[in-house]
Amino acid sequence: MMPLPNVTGALHMGHAMDNVMQDLLIRWHRMLGHDSLWQPGTDHAGIATQAVVEKRLFELEHKTRHDIGREALVRKIWDWKDEYESRIVAQQQRMGCSCDWDRHRFTLDAVCASAVREAFFRLFKDGLIYRGVRLVNWDCLLQTAVSDDEIVYENVQGHFWHLRYPVVDPKPGEPTHVVVATTRPETMLGDTAVACHPDPRGALEGNEERKALLPLLEKLRDMAKDGRKVMLPLMERPIPLILDEWAKPELGSGCVKITPGHDPNDYGVYERHKDRIGVINILNQDGTLNENAGPYKGLPVMQARKAVLKDLEARGLIELVEDREIPIGHSDRSKTPIEPYLSKQWFVHMGDVEGGVAMGRGTDKEFHTAGLAQAAMDAVGGTWCSASGLRLTFHPDHERYAGIYLSWLKEKRDWCISRQLWWGHRIPIWSASLEAGRMSRFTEAVKSLPESTYHYRVVEDEVQLCLRNEGAEKSAESLLNEFGLERSPDVLDTWFSSALWPFSTLGWPDPAGAKVREGQTPLHDALDRYYPGSCLVTGRDIITLWVARMVMMGLYCLGDMPFHDSFIHANILDGKGERMSKSKGNGIDPVDIIEQYGTDALRYVLCEMQTGTQDIRLPVQAVSPFTGKLVDLAHAKHGRSIFTYLCPETGNEFDVLGTLQDVPRAKLISDRFEVGRAFCTKLWNASRFAFMNLGDYAYAPVSPDALREEDRWILSRLAATVRTVTESLKGYNPSAAIGAAREFFWSDLCDWYIELVRPRFKDSREAPAAKTVLSFALDQTLRMLHPAVPFITEELWEKLNAQAPVRGLEVPLPKSELLIKASWPQKLERFEDRSIEAEFGRLQEVVRVIRDVRAKYQVSPKTQLKAVLRSRGESLAALTKLQRHILSQAGLSAVLIGDAPVPPRLSATAVAGETEVFVEGVLDPEKERKRLDKQLAQVRSNIQLSERKLSDPRFTEKAPTAIVETERRRLTDSKSQLAALEEQLKQLA
RNA sequence: GCCCAGUUGGCGCAGUGGUAGCGCGCUCCCUUGACAUGGGAGAGGUCGUAGGUUCAAAUCCUACACUGGGCACCA
């Protein structure tokens with residue numbers, strides 16, 4: 001399942017990472033022959049989208065949603081959705097996402113809507129959805145409840161006011177005032193009590209500093225026991241002193257004002273003292289004060305605060321004002337401060353339930369659990385697994401991500417699912433307050449509805465009727481009218497529908513009857529075939545909001561996991577380490593990268609960056625609209641605003657958000673993607689070379705003995721690479737996979753094999769085997785790279801098919817016209833050959849040493865040199881065998897190899913492992929001495945290290961023998977190197 | 001406040017007990033028919049700090065510092 005992007009706006013690099021990781025996996029699995037579905041879609045994103053559209057409506061037309069009404073606003077949001085959904089799909093398609101596009105879904109599609117309806121119905125019937133009066137987080141601008149997850153805390157410079165509440169009729173020896181402190185003084189208008197601790201002495205045990213307060217607190221405790229009151233100033237309302245442990249003697253004055261209507265903790269206090277104190281709501285939905293605020297009615301919160309303070313000041317009731325940094329919850333969407341607000345909302349019961357909860361009721365996977373949250377907790381780690389044997393594993397660091405998941409779930413806090421919005425799935429509840437007679441007539445009449453299409457609950461005098469689907473709505477029409485039942489105007493939290501995404505998209509609860517859009521693939525067996533799914537790919541910020549809820553709802557509705565793997569990829573940060581986002585002006589549109597560097601370059605680099613749990617810093621550059629050059633935003637100077645920068649060359653100002661009319665817009669990109677472009681170019685050119693040389697290649701089986709050393713070497717390297725790439729993908733490590741493929745392709749195939757094999761193409765006896773191996777290696781390379789860089793590999797595949805239609809070694813490989821449908825490389829273990837790789841390692845070492853001599857002496861590559869190699873053991877054998885390659889790769893006209901050859905008198909010398917290299921005819925004693933000195937220093941320090949180790953009996957006794965052996969060998973090698981170098985230095989002198 | 005990560009060459013990152021790697025950037029050399037968006041060679045790191053465990057620590061443990069994240073709370 002694709003993590004459905006919000007239709008709030010276009011995709012940025014974070015989404016690109018998410019989508020590319022999914023495409024990498026889906027293409028790989030497709031090549032492995034797995035039955036694969038990648039279900040694409042978009043999310044209506046309730047509050048987020050409505051907020052964006054409302055904001056624009058106000059900016060452009062100076063209207064609020066109330067000015068234009070529900071229908072008109074919803075129409076505008078649909079327009080917005082259409083625009084951005086098509087833009088998102090276009091972005092994803094340009095990124096090469098190989099989704100099942102004919103199954104694209106939107107969370108408000110009919111298919112999804114029926115799942116939402118069904119899930120809601122079941123939860124309601126099971127008593128897991130209820131309506132309650134609760135203190136919720138209220139967004140005064142959008143005028144809706146928001147969940148805890150939609151709040152961001154920001155530290156704001158504020159004050160801490162200490163207020164004095166007069167005691168009603170103080171007796172002698174009693175305080176005349178009680179001091180309470182608050183950061184929100186206006187809430188005092190809604191105070192219904194002042195609390196102090198029932199046992200201040202116990203609470204202050206061991207707290208010497210605060211002991212002085214004890215007499216006062218004990219006095220207040222006694223007064224509270226006595227039922228005494230204080231006078232709430234301004235409102236002139238007597239309110240009781242109560243005893244509650246919420247009052248912390250170690251803080252402030254030790255007493256606390258209780259405002260149950262506007263503080264979650266105080267609401268808790270209210271619930272414990274319902275018999276004595278009440279709840280007063282002083283706010284209107286728009287954040288102004290209501291009639292309960294008396295003279296302050298109509299004022300917005302901040303103005304009311306000033307007025308209240310002024311009046312308290314005038315009465316001398318402010319004891320102290322402290323400056324203080326206060327974390328204030330802001331609505332993530334409107335960015336305005338959240339007000340705790342008492343209102344009726346719908347909740348999903350997350351905690352344990354008496355008698356437990358039946359999960360997947362009616363399916364063959366049905367099981368029982370203590371509660372919804374508990375079921376989701378059990379699904380990760382532990383011994384639980386579903387009836388089909390599944391549980392959830394996070395990748396690449398299960399413990400870490402499971403920790404985040406669990407720490408959130410274990411709170412088991414009820415989930416507020418109602419939103420006072422117009423954009424979303426409307427809650428399928430019809431309700432009315434009925435007096436007793438009508439209520440009993442209703443309960444009779446409702447029985448006429450088709451059984452199992454409805455469920456109702458009576459709470460006090462209110463009936464709450466849930467209708468299962470649109471059919472049920474039709475049959476209930478007259479009943480609804482008769483009793484005046486009205487549908488809730490609220491819509492569901494957007495996460496409610498996304499929690500169902502893994503099966504709502506597949507037609508649950510009725511795949512056969514599911515109404516898909518015109519031209520889309522009908523669902524039929526889709527649910528059986530693709531649920532449970534296998535893997536969910538997402539970022540870690542979504543683990544709680546979405547992953548946990550999908551698990552919960554999947555288990556509840558179908559009795560099984562929506563997926564068993566969750567791949568958590570890195571977040572993309574900018575050059576300063578800040579999260580990338582459009583609104584911050586550091587967001588990169590993947591399409592801009594694609595235009596600059598190409599899709600495959602984008603994908604290649606994203607894969608390379610996805611290493612593990614490490615977030616990725618992606619330095620962002622603007623393309624200067626004046627010079628076309630890149631300007632690094634981490635170091636550029638700002639212009640007039642934080643979204644404008646100065647072009648360092650021209651000094652002109654440009655804008656990265658594109659909101660300022662008079663300032664030119666600059667595109668944002670990152671030169672980090674150059675690597676990807678270079679890789680693709682190299683791949684293209686190397687393939688071109690192969691095509692040129694394959695010429696009239698026709699496949700003929702090649703027996704292993706027809707292979708030359710370099711053929712066996714490259715096949716061995718290829719075999720190891722296929723293994724590494726496959727294992728890395730299995731372990732959700734794209735970086736390791738692409739790294740291994742790159743290393744093979746570039747460093748082995750291009751830098752060595754192609755160079756070694758080049759001469760053979762001109763030799764008719766040598767050419768066939770070389771062509772067979774080259775075409776095979778290229779074939780396998782393209783397959784391995786395809787999931788990461790699909791476009792260029794597909795193009796090259798077509799050309800390869802034209803040039804060498806049949807490829808293979810001992811047997812021909814099955815043909816595939818398209819690479820996307822070709823199979824993943826088979827294991828090539830039979831070619832893994834450590835000894836040939838070791839031999840080539842020695843060859844490469846020697847060649848490098850000779851090239852180094854050339855570089856140091858600035859000998860032109862055209863100049864052919866002569867060399868003498870003094871070697872022994874395996875090195876001697878390998879070098880002798882590979883002599884022709886030494887000649888061609890080091891640019892030698894002659895080479896003499898032996899265990900005791902006579903070194904030329906005047907020669908540059910070097911040591912490569914067990915081999916001494918003498919390059920004839922080039923010698924500058926000064927330079928030579930420097931080179932040898934440097935090598936000597938290295939060898940000496942190695943010897944010192946080894947000797948120190950070996951002379952320590954603790955090492956030789958305690959370390960594993962293999963390690964000690966290696967160390968001994970290292971020392972012998974180093975010593976013979978030392979001797980050789982010293983000998984060479986002596987020759988110079 | 002609690003918890004979890006990260007800290008490795010100028011930059012971005014690998015490396016989880018046995019003498020530090022990759023890519024970019026940098027320096028030098030090279031336009032030889034795949035490729036200068038390239039090739040060859042090279043310089044550059046006492047692995048955040050301080051202790052500890054171990055024959056041996058970038059790697060394990062403890063503390064601290066900084067950065068990021070999660071959770072809770074904030075009269």
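The sequence lines fix the lettering, A, B, ..., with proteins before strands; numbering per chain opens at 1.
- Considering only heavy atoms from C-beta on, A:R760 stays 4.5 Å or farther from A:K771 through its side chain.
- Comparing B:U19 with B:A57, their C1' atoms sit 13 Å apart, to the nearest whole Å.
- Of the possible donor and acceptor atoms, none in the side chain of A:R677 sits under 3.5 Å from a partner among the backbone N and O of A:A601.
- Considering only the side chain of A:K949, B:G18 comes nearest among B:A34, B:G38, B:G18.
- When the C1' atom is compared between B:G48 and B:C66, the two are found 8 Å apart, to the nearest whole Å.
- Taking the P atoms as reference points, B:G25 lies 16 Å from B:A36, given to the whole Å.
- Between the C1' atom of B:G33 and the CZ atom of A:F761 lies a distance of 14 Å, rounded to the nearest Å.
- Within the nucleic acid shown, A:R540 comes within 4.0 Å of sugar-phosphate atoms alone, with no base atom in reach, counting heavy atoms only.
- Summary of the strand contacts: A:I326 and A:E743 both lie near RNA chain B, and taking for each the nucleotide with the nearest heavy atom, the more 5' one is attributed to A:E743.
- Salt bridge A:K856/A:D924: absent, no basic N to carboxylate O contact under 4.0 Å.
- Within the 3.5 Å criterion, the main-chain N or O of A:R954 finds a donor-acceptor partner in the side chain of A:D952.
- The distance from atom CZ of A:R742 to atom OG1 of A:T781, rounded to the nearest 0.5 Å, is 13.5 Å.
- The nearest whole Å value for the distance from the CZ atom in A:R968 to the P atom in B:U19 is 16 Å.
- In this view, A:Y267 and A:Y270 satisfy the ring-ring contact (aromatic ring centres under 6.0 Å, His included) rule, not counting sequence neighbours.
- Here the separation of B:C13 from B:G52, taken at their P atoms, is 33 Å to the nearest Å.
- Aromatic pair A:F679/A:F745: ring centres closer than 6.0 Å.
- Checked for salt-bridge contact, A:R184 and A:E339 meet the test: a charged N lies under 4.0 Å from a carboxylate O.
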Subject >> 5'-to-3' dot-bracket of RNA chain B (Watson-Crick, G-U; under 3.5 angstrom; crossing pairs as [ ]; | other strand) >> reply: ((((((((.[[[[.)..(..]]]].(((((.......))))).....[[[[[..)....]]]]])))))))....
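- Residue A:R758 has its side chain nearest to B:A34 when only B:U37, B:G68, B:A34 are considered.
- Taking side-chain N and O atoms only, A:W746 has a distance below 4.0 Å to OP1 or OP2 of B:G39.
- Between A:K682 and B:G39 there is a side-chain polar atom (N or O) within less than 4.0 angstrom of OP1 or OP2.
- Using a 4.0 Å heavy-atom cutoff across all strands shown, A:T966 reaches no nucleic acid atom at all.
- Separating the CD1 atom of A:I754 from the C1' atom of B:G38 is a distance of 13 Å, rounded to the nearest angstrom.
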Original post:
When every nucleotide of nucleotides 3-14 of chain B is labelled 5' to 3' by its protein contacts under 4.0 Å (heavy atoms), B for base, S for sugar-phosphate only, - for none, what sequence of letters results?
Top reply: --SS----SSSS
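- Base contact: A:P960 has a heavy atom under 4.0 Å from a base atom.
- Rounded to an integer number of Å, the gap from A:R954 CZ to B:U54 P is 10 Å.
- Side chain of A:D751, nearest nucleotide from B:G39, B:G18, B:G70: B:G39.
- Between A:R540 and A:D397 there is no salt bridge, since none of the side-chain N atoms of the basic residue sits less than 4.0 Å from a carboxylate O of the acidic one.
- With salt bridges taken as basic N to acidic carboxylate O contacts below 4.0 Å, one links A:E755 and A:R758.
- As judged by a 4.0 angstrom heavy-atom cut-off over every strand, A:C255 is placed among the base-contacting residues.
- For the P atoms, the distance from B:C24 to B:A63 is 41 Å, rounded to whole Å.
- Rounded to whole Å, the distance from CZ on A:F394 to C1' on B:G70 is 13 Å.
- Spacing between B:G21 and B:G42 at atom P, rounded to whole Å, works out to 14 Å.
- Comparing B:U31, B:C55, B:C28 against the side chain of A:Q858 picks out B:C28 as the nearest.
- Looking only at distances, no side-chain donor or acceptor of A:R672 sits under 3.5 Å from a matching main-chain atom of A:V620.
- Salt-bridge check for A:D244 with A:R272: passed, with a basic side-chain N closer than 4.0 Å to an acidic carboxylate O.
- Residues satisfying the ring-ring contact (aromatic ring centres under 6.0 Å, His included) test with A:Y597, not counting sequence neighbours, are none.
- For the pair A:T956 and A:R742, both in contact range of RNA chain B, the more 5′-proximal nearest nucleotide belongs to A:R742.
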Subject >> Footprint string (nucleotides 41-48 of chain B, 5' to 3'): B base within contact, S backbone only, - free, heavy atoms under 4.0 Å >> reply: SSS-----
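- To the nearest angstrom, P of B:U37 lies 16 Å from CG of A:D671.
- Heavy atoms of A:W684 sit nowhere under 4.0 angstrom from any nucleic acid atom.
- When the C1' atom is compared between B:C61 and B:G17, the two are found 13 Å apart, to the nearest whole Å.
- At a threshold of 4.0 angstrom between heavy atoms, the contacts of A:Q944 with the nucleic acid are absent.
- For the residue pair A:K257 and A:T259, a side-chain donor N or O sits within less than 3.5 Å of a side-chain acceptor on the partner.
- Close to B:A72, at under 4.0 Å from its OP1 or OP2, lies a side-chain N or O of A:R413.
- With both ends at atom C1', the span from B:G15 to B:U59 equals 9 Å, rounded to whole Å.
- A:E967 has a carboxylate O that lies under 4.0 Å from a charged side-chain N of A:R970, or vice versa, which qualifies the two as a salt bridge.
- A heavy atom lying under 4.0 Å from RNA chain B marks the following residues of residues 685-692 of chain A, by number: A:N685, A:A686, A:R688, A:F689, A:M692.
- Here B:A36 presents its P atom at 14 Å from CZ of A:R677, a figure rounded to the nearest Å.
- Under the 3.5 Å distance criterion, the side-chain polar atoms of A:R940 are left unmatched by any main-chain donor or acceptor of A:L936.
- Rounded to a whole Å, the CG atom of A:N571 is 9 Å from the P atom of B:G69.
- Residue A:N942 is classed as a base contact, given a heavy-atom separation below 4.0 Å to a base.
- Remark: A:I714 CD1 to A:L756 CG distance equals 8.5 Å, nearest 0.5 Å.
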